[in-house]
Amino acid sequence: ENSTSVVSNVTLNVAPGQVLAIIGEGGSGKSTLARMMVGIEPPSAGRVTLDGVDLSSWPRAHVGPHLGYVAQDCEIVTGSVAENISRFELSVAGAQRDSVNRAVIEAASKCGAHEVFAAMAKAYDTPVGIDGCLLSSSQRKRIALARAIYGDVRLLVLDDPTSGLEATGERALASLIVQLKEQ
């Protein structure tokens, strides 16, 4: 069996506000690199650092809220639209819950999806079904985008973010990227 690295000898330095696109053929390692950049897949050699600190040394609970990631095939978990966007932080009560709800709407608004979710049968409380089966591919992608920018995200990694989006969603994504770059 021949074991060949898909990604090797890669060094990336991305400055705050910089947008970087990695383009290549299918199977060339773009998705693997994206998963490594957010700590989902550890490198077999070398390391991934953020602000000079090895990503593997940070507890996931501490680094996760600062990383936004949209996978090529975005995962939606059984629950509501709002629960998926908030990364299931809606289990809190009182003023903290109100804060989470505001952050959910802010994230959806930034990626141009507030109107989409507000128009659903139960708005943000709409159940998504098992693995998001009650949603269109565009609605699933919009939830994944809103989740990726929810909260205090400092690094956003998008793996084929336009797949499954309709033209309006693609324009909203382009606008979001410009807005986040300026921030």
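These figures come from a predicted structure and were not determined experimentally.
- Partners of E170 according to the side chain to side chain contact (heavy atoms under 4.5 Å, CB included) rule, which considers only residues two or more places apart in sequence or in another chain, are T162, L165.
- Sorted by first and then second residue, the salt bridge (charged side-chain N to carboxylate O under 4.0 Å, His left out) pairs with a member in residues 135-144 read R142-E166; sequence neighbours excluded.
- Judged as a side chain to side chain contact (heavy atoms under 4.5 Å, CB included), and not counting sequence neighbours, the contacts of P43 are M36, V48.
- Residues satisfying the side chain to side chain contact (heavy atoms under 4.5 Å, CB included) test with A144, not counting sequence neighbours, are V70, C74, R147.
- In the hydrophobic clustering of ILVMFWY residues, with side-chain heavy atoms under 4.5 Å counting as a link, F88 and L134 come out apart.
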Expected list for residues 12-21: side-chain donor-acceptor pairs under 3.5 angstrom, two or more places apart:
residue	atom	partner	partner atom	Å
Q18	OE1	A15	N	2.9

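- Among residues at least two apart or in separate chains, salt bridge (charged side-chain N to carboxylate O under 4.0 Å, His left out) pairs with a member in residues 107-118 are E106-K110.
- Residues satisfying the side chain to side chain contact (heavy atoms under 4.5 Å, CB included) criterion with L180, sequence neighbours excluded, are I149, L156, L176, Q183.
- When the shell of 6.0 Å around CG of D152 is examined, it contains more than 12 heavy atoms from other residues, nucleotides or ligands.
- L155 and L33 end up in the same hydrophobic cluster when Ile, Leu, Val, Met, Phe, Trp and Tyr side chains are linked at under 4.5 Å.
- For the side chain to side chain contact (heavy atoms under 4.5 Å, CB included) with N84, the lone residue among L135, I76, V104, T78 that qualifies is I76.
- With hydrophobic clusters built from ILVMFWY side chains whose heavy atoms lie under 4.5 angstrom apart, M120 shares a cluster with V128.
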- Assess whether side chain to side chain contact (heavy atoms under 4.5 Å, CB included) is satisfied between L145 and L158, documenting all intermediate values. CA-CA 9 Å; L145 285 166; L158 307 172; 4.0 Å; yes
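- Applying the 6.0 Å contact sphere to CZ of R154 captures no more than 12 heavy atoms from other residues, nucleotides or ligands.
- Listed by first and then second residue, the salt bridge (charged side-chain N to carboxylate O under 4.0 Å, His left out) pairs that reach into residues 8-35 are R35-E41, sequence neighbours excluded.
- Residues R60 and L67 have side chains in contact (heavy-atom distance under 4.5 Å, counting atoms from C-beta outward).
- Using a 4.5 Å heavy-atom cutoff, the side chains of V116 and T168 are not in contact.
- Among residues at least two apart or in separate chains, ring pair (Phe, Tyr, Trp, His ring centres under 6.0 Å) pairs with a member in residues 97-138 are H114-Y124, F117-Y124.
- Among residues at least two apart or in separate chains, there is no ring pair (Phe, Tyr, Trp, His ring centres under 6.0 Å) pair with a member in residues 7-46.
- Of the inter-residue distances, the one linking S56 atom OG with R47 atom CZ reads 9.0 Å to the nearest 0.5 angstrom.
- Among residues two or more places apart in sequence or in another chain, the ring-ring contact (aromatic ring centres under 6.0 Å, His included) test is passed with Y150 by none.
- Here OG of S28 is found 10.5 Å from CD1 of I23. Values are rounded to the nearest 0.5 Å.
- The OG atom of S138 sits 10.0 Å away from atom CD1 of I143, with the distance rounded to the nearest 0.5 Å.
- Using modelled atom types, no side-chain atom of R87 and backbone atom of G151 make a donor-acceptor pair closer than 3.5 Å.
- Counting only residues at least two apart or on different chains, no ring pair (Phe, Tyr, Trp, His ring centres under 6.0 Å) pair has a member in residues 51-77.
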